[in-house]
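Chain naming here is simple, since letters A, B, ... match the order of the sequence lines and numbering starts at 1 in each.
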Amino acid sequence: MIEAGKPATKLRSEALSILLERGLVHQCTDIDALDRTLSAGPITAYAGFDATAASLHVGHLMPLMTMRWLQKLGHRPIVVLGGGTSLIGDPSFRKDARPMLEEQQIAANIASIRRSVERMLDMDGADGALLIDNAEWLNEFRFLEFLRDYGSQFTVNRMMTFDSVKSRLDAQMPLTVLEFCYMMLQAVDFLELAKRQDCVLQVGGSDQWGNIVNGIELGRRDGRKLHGLTVPLLTTASGAKMGKTAAGAVWLHPEHLSPFGFWQFWRNTADADVGRFLRLFTELPLTEVERLAALEGAELNEAKRILATQVTTILHGPEEARAALQQGDALFSGEEELTEPTHTLARSTLAEGLGLLELVVAVGFASSNGEARRLVEGGGVRLNNSIIDDARRRIAIGDLQANERLTVSVGKRRKALVGFE
RNA sequence: GGAGGAGUGCCCGAGUGGCUAAAGGGGACGGACUGUAAAUCCGUUGGCUAUGCCUACGUUGGUUCGAAUCCAACCUCCUCCA
């Protein structure tokens with residue numbers, strides 16, 4: 001293993017130089033060999049994603065960006081959605097086993113995840129990116145056959161030395177055979193892709209190192225030279241693992257996090273992260289990145305707007321990104337306001353005496369009346385831009401603005417325009 | 001198979017009969033300060049038709065006026081012995 005950034009000789013391939021300067025490489029196998037392979041001509045590379053949730057999240061953006069760059073430079077990306085492996089659950093660096101998922105659930109997750117992948121990569125044409133479900137081959141294996149063919153290629157001794165499971169073993173936490181076999185399956189995935197699609201590179205999160213290496217070794221026994229590359233773990237400058245907001249994880253699928261919510265997430269990047277994030281998550285030229293990152297104080301806000309808009313464009317498209325930018329500016333300028341209602345309630349609710357708490361819940365800013373009450377009593381709720389701290393406040397027709405609408409906001413970042421029909 | 005230990009709120013973790021919706025910390029959210037940043041400080045952090053009611057300390061029963069706390073069985077995990 002070679003730590004990123006220390007090639008023995010000068011790099012020749014554009015792909016690797018770009019990935020390195022963008023900060024997308026954490027570690028990789030024999031960097032010179034990979035460099036030669038990449039500069040010799042187009043290759044096929046793959047990244048695998050679990051289908052354990054209905055959407056990918058920001059952490060998955062790095063392997064996706066890596067694939068995107070590779071595609072841009074003429075290589076062919078394959079995304080493997082782990083329909084087969086998700087039935088097992090990757091134990092890497094986890095303290096306990098994942099809950100088992102049903103096939104049906106996994107199928108639904110794959111369908112949903114597919115959408116985000118299609119936004120990030122060009123799927124068209126003969127050179128387009130491929131989306132493959134590893135259930136395609138994993139489901140075909142017969143148990144004894146599998147054990148004879150592949151089980152004989154792995155030793156438990158070696159498997160136990162991987163950091164990904166070592167911590168679990170050292171902590172004396174149980175590691176089931178089911179989970180232990182996961183790394184074999186991922187290794188087989190790599191070999192199958194090598195055979196079927198001539199895939200020679202696997203990209204994954206840094207926690208995937210062990211799994212990737214296993215695949216490479218399996219390939220070597222089959223006479224193949226395979227390569228591995230991991231992207232860094234996404235953390236904030238303050239060291240925290242990234243990807244949480246008020247609403248939970250930062251999802252890529254618009255049904256789980258609106259494009260505006262996604263834009264906001266990037267807009268709120270900490271100062272110290274701006275440069276790094278521009279490099280990792282946008283395709284702006286590095287000279288531009290340097291210029292933006294060099295801004296100081298309040299000027300950095302401009303860099304954050306650009307960051308947010310660029311990333312949102314890549315994931316959700318230019319239209320959505322522009323809309324999010326406008327919404328963001330409108331929300332925080334204090335001048336402009338939202339123009340389109342974000343929520344619509346029945347007009348009859350007004351006559352019935354709609355409570356402020358109910359309204360806050362109705363627009364999704366609180367999940368219960370109790371939570372809404374706390375927000376109100378804590379002075380965090382505004383109605384038409386004035387703070388209301390009376391939890392018993394009821395909304396009447398007279399509260400509507402001239403346009404028959406009502407703005408409700410919680411904190412500085414959440415604002416809704418409610419229409420009544 | 002035998003002996004001992006553990007299971008608490010989003011997470012970690014205190015609590016061994018009433019004063020416990022449960023200390024403390026983390027995280028999260030709201031407020032102040034700011035630049036929609038960081039750091040800091042303050043507040044909140046089970047639900048409801050709300051001066052009351054309901055649900056909650058692995059599960060199910062029991063003892064008691066009263067149980068997270070005592071008892072029994074069960075489930076799961078850990079340690080030691082075989």
Side-chain angles (χ1 to χ4, degrees), chain A residues 91 94-100 168-176 179 235-250 257-258 260-278 292-309 311-312 324-338 349 352-358 360-361 363-383 385-394 408-416:
Chain A
R94 288 182 61 97
K95 278 189 294 184
D96 42 30
R98 291 167 186 271
M100 291 238 239
R168 181 92 149 256
L169 294 172
D170 288 349
Q172 311 255 359
M173 293 300 281
L175 177 68
T176 62
E179 297 175 90
T235 54
T236 62
S238 43
K241 230 191 207 179
M242 253 186 71
K244 296 280 183 180
T245 63
V250 180
L257 179 66
S258 69
F260 176 64
F262 185 78
W263 187 90
Q264 270 294 310
F265 168 77
W266 295 102
R267 174 59 187 78
N268 284 313
T269 297
D271 286 8
D273 288 322
V274 172
R276 192 161 54 103
F277 288 0
L278 280 166
L292 291 169
L295 294 175
E296 292 194 8
E299 293 201 320
L300 260 175
N301 286 333
E302 181 55 22
K304 293 180 190 179
R305 280 176 83 233
I306 292 172
L307 169 66
T309 309
V311 185
T312 307
L325 174 66
Q326 272 166 16
Q327 200 178 340
D329 285 348
L331 224 59
F332 291 98
S333 66
E335 293 296 318
E336 292 171 65
E337 290 292 342
L338 293 168
T349 55
E352 288 156 12
L354 176 67
L356 176 60
L357 302 186
E358 288 172 69
V360 171
V361 173
V363 297
F365 293 161
S367 55
S368 69
N369 279 0
E371 191 182 337
R373 171 182 306 274
R374 279 177 236 121
L375 287 169
V376 171
E377 288 173 351
V381 176
R382 286 161 192 268
L383 196 60
N385 291 325
S386 37
I387 294 177
I388 307 285
D389 58 6
D390 175 12
R392 293 202 203 163
R393 179 73 146 75
R394 307 205 82 82
V408 192
S409 46
V410 167
K412 292 166 188 158
R413 298 171 193 165
R414 288 180 282 173
K415 194 170 218 170

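- Going from the C1' atom of B/G58 to that of B/G43 covers 34 Å, rounded to whole Å.
- Residue A/Ile387 contributes atom CD1, which lies 14 Å from atom C1' of B/G43 at whole-angstrom precision.
- Which of B/G30, B/G35, B/U36 sits closest to the side chain of A/Trp263 comes down to B/U36.
- No N or O donor and acceptor, one from the side chain of A/Lys415 and one from the base of B/U36, sit under 3.5 Å apart.
- Base engagement by A/Gln264 is indicated by at least one non-hydrogen atom pair under 4.0 Å involving a base atom.
- Taken to the nearest 0.5 Å, the CG atom of A/Leu292 stands 6.0 Å off from the CG atom of A/Leu278.
- The aromatic rings of A/Phe260 and A/Trp263 sit parallel, their planes meeting at an angle under 30°, below the 60° perpendicular limit.
- With rounding to whole Å, A/Gln327 atom CD is found 17 Å from B/U36 atom P.
- Atom NZ in A/Lys412 sits roughly 12 Å away from atom P in B/C29 (whole-Å rounding).
- Picking from B/G35, B/U36, B/C29 the nucleotide with the shortest atom distance to the side chain of A/Leu375 gives B/C29.
- Nucleotides B/U64 and B/A68 have their C1' atoms positioned 16 Å apart, rounded to a whole Å.
- On the C1' atoms, B/G4 is 35 Å away from B/C19, given to the nearest whole Å.
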(Q) Run the salt bridge (charged side-chain N to carboxylate O under 4.0 Å, His left out) test on A/Glu302 and A/Arg305 for me, step by step, so that the C-alpha distance in whole Å, both residues' side-chain angles and the decisive distance to 0.1 Å come before the verdict. (A) CA-CA 5 Å; A/Glu302 181 55 22; A/Arg305 280 176 83 233; 3.1 Å; yes

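- Rounded to whole Å, the distance from CZ on A/Arg276 to P on B/A38 is 14 Å.
- Taking CG from A/Leu354 and OG1 from A/Thr349, the interatomic distance works out to 5.0 Å, rounded to the nearest 0.5 Å.
- To the nearest 0.5 angstrom, A/Gln326 atom CD is 10.5 Å from A/Thr309 atom OG1.
- Here the closest heavy-atom approach between residue A/Ala293 and residue A/Leu300 is recorded as O-CD2, 4.4 Å.
- Near RNA chain B, defined here as any heavy-atom distance below 4.0 Å, the residues from residues 301-308 of chain A are A/Asn301, A/Lys304, listed numerically.
- Screening A/Asn301, A/Leu325, A/Leu307 against A/Arg267 for a side chain to side chain contact (heavy atoms under 4.5 Å, CB included) leaves a single residue, A/Asn301.
- Of the inter-residue distances, the one linking A/Leu383 atom CG with A/Ile388 atom CD1 reads 5.0 Å to the nearest 0.5 angstrom.
- At B/G35, none of the side-chain N or O atoms of A/Arg267 fall inside 4.0 Å of OP1 or OP2 (strictly under the cut-off).
- Of all heavy-atom pairs between A/Ala366 and A/Leu375, the closest is CB-CD1, 4.2 Å.
- A/Gly411 comes within 4.0 angstrom of sugar-phosphate atoms only, judged by non-hydrogen atoms across all strands, and of no base.
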Q.
Just to be sure I follow the notation: if a pair is Watson-Crick (purine N1 to pyrimidine N3 plus N6-O4 or O6-N4) or a G-U wobble (N1-O2 and O6-N3), each under 3.5 Å, what dot-bracket string does RNA chain B give, with | for pairs to another strand?
A. ((((((((.[[[..)..(.....]]]((((((.......))))))(((...)))...[[[[[..)....]]]]]))))))).

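- If you take CZ on A/Arg414 and CZ on A/Arg382, they are separated by 13.5 Å, rounding to the nearest 0.5 Å.
- Nearest-nucleotide positions on RNA chain B for A/Arg382 and A/Glu296 put A/Arg382 closer to the 5' end.
- Rounded to the nearest Å, the gap between the P atom of B/G9 and that of B/G47 is 16 Å.
- Between the CG atom in A/Leu295 and the NZ atom in A/Lys304 there is a gap of 11.0 Å [rounded to 0.5 Å].
- Nearest heavy atoms, A/Val361 versus A/Ala372: CG2-CB, 4.1 Å.
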(Q) Each nucleotide in nucleotides 47-53 of chain B should get exactly one letter: B, S or -. Can you fill that in based on protein heavy atoms under 4.0 Å? (A) SSSB---

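- If you take atom P in B/C53 and the same atom in B/A22, they sit 16 Å apart, rounded to whole Å.
- Residue order along RNA chain B, read from the 5' end via each residue's closest nucleotide, puts A/Gly378 first among A/Asn268 and A/Gly378.
- Between B/U76 and B/G25, the two C1' atoms lie 27 Å apart (nearest whole Å).
- For the P atoms, the distance from B/U36 to B/G31 is 13 Å, rounded to whole Å.
- Smallest separation of non-hydrogen atoms from A/Gly355 and A/Arg394: N-NH2, 3.8 Å.
- B/U16 sits 5 Å from B/U69 when the C1' atoms are compared, rounded to a whole Å.
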